[in-house]
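Single-structure report; data block below.
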Amino acid sequence: MIKERSEAMMRSRWFMPAFCLGLGLVVLAASWIGGHPLAGLFSLGVMAAFGLFFLLAVGNETVRGLTVGRDERFAQIDLRATAVAGLVLIITLIVAWLTEIAQGHSGNPYTWLGATGGLAYLLAVAFFRWRG
Amino acid sequence: MKNRVRPLRTERGLAQGQLAEAMGVSRQTINSIENNRYTPSLPLAIALARYFGVTVEEMFDDQGT
């Protein structure tokens, strides 16, 4: 029931634009608190533009497939693209961590980020193995 | 994996979009299946076979590339 509702919500054409706008507002709030309101407003503008793009490009088959009209092929494409992005992120983290260590630093925050990623992977493997 | 989706579809005078709508997938997905770029899931393969009134083995050839 909850899964069906959340899937229906994510298939709404308004989900991605609302998500982009919401994230932009959170960045604005964080930047404002950090004393950089103009940078926050710029970020909000960028995120709002992304949201507008998703709203207007919903007629495009690829955008539609990745958002409101997702089917099994687009779900597979999304999964593979996420895996590639994750791999690039992990490699970047390892390189940054090694660079920090080589410069005589502690390696933070890359140490904790890498450990979090590794732990998340192990937990995910255990969960999906248990789930069958 | 080779398949007979395109000939079966054209025999019935269906457009890719019409078949996609009947299967609940995108037109791009039907196009990818027809061009052997995407192997459908078992549920979709069964749905396609049922739709055209053939068996899955008649529709998909696992001996092909």
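Here the structure is a predicted model, which means the values were calculated and not measured. Because only heavy atoms are used, hydrogens play no part in the values below, and waters and symmetry mates are left out as well, while side chains stay in.
- A continuous path of hydrophobic side-chain contacts links A/Leu21 to A/Leu41 [ILVMFWY only; heavy atoms under 4.5 Å].
- For the side chain to side chain donor-acceptor pair (under 3.5 Å) test, residues two or more places apart in sequence or in another chain that qualify with B/Thr55 are B/Glu58.
- Residues A/Val26 and A/Leu52 fall into different hydrophobic clusters, defined by Ile, Leu, Val, Met, Phe, Trp and Tyr side chains chained together at heavy-atom separations under 4.5 Å.
- Every side-chain contact (heavy atoms from CB on, under 4.5 Å) that A/Ala57 has, sequence neighbours left out, goes to A/Phe53, A/Val63.
- In this structure, chain A has heavy atoms under 4.5 Å from both the backbone and the side chain of B/Pro40.
- Around CZ of B/Arg12, the count of heavy atoms belonging to other residues, nucleotides or ligands within 6.0 Å exceeds 12.
- Note on B/Leu44 and B/Tyr51: same hydrophobic cluster, where clusters join Ile, Leu, Val, Met, Phe, Trp and Tyr whose side-chain heavy atoms are under 4.5 Å apart, directly or indirectly.
- Under the 4.5 Å side-chain heavy-atom criterion for ILVMFWY residues, a single connected hydrophobic cluster contains both B/Leu8 and B/Leu48.
- For residues 16-35 of chain B, the interface with chain A (any heavy-atom pair closer than 4.5 Å) comprises B/Gly24, B/Val25, B/Ser26, B/Arg27, B/Gln28, B/Thr29, B/Ser32, sorted by residue number.
- Taking 4.5 Å as the heavy-atom cut-off, the residues of residues 70-101 of chain A that approach chain B are A/Asp71, A/Glu72, A/Arg73, A/Phe74, A/Gln76, ordered by number.
- Each of A/Leu23 and A/Ile33 belongs to its own hydrophobic cluster when Ile, Leu, Val, Met, Phe, Trp and Tyr are linked at side-chain heavy-atom distances under 4.5 angstrom.
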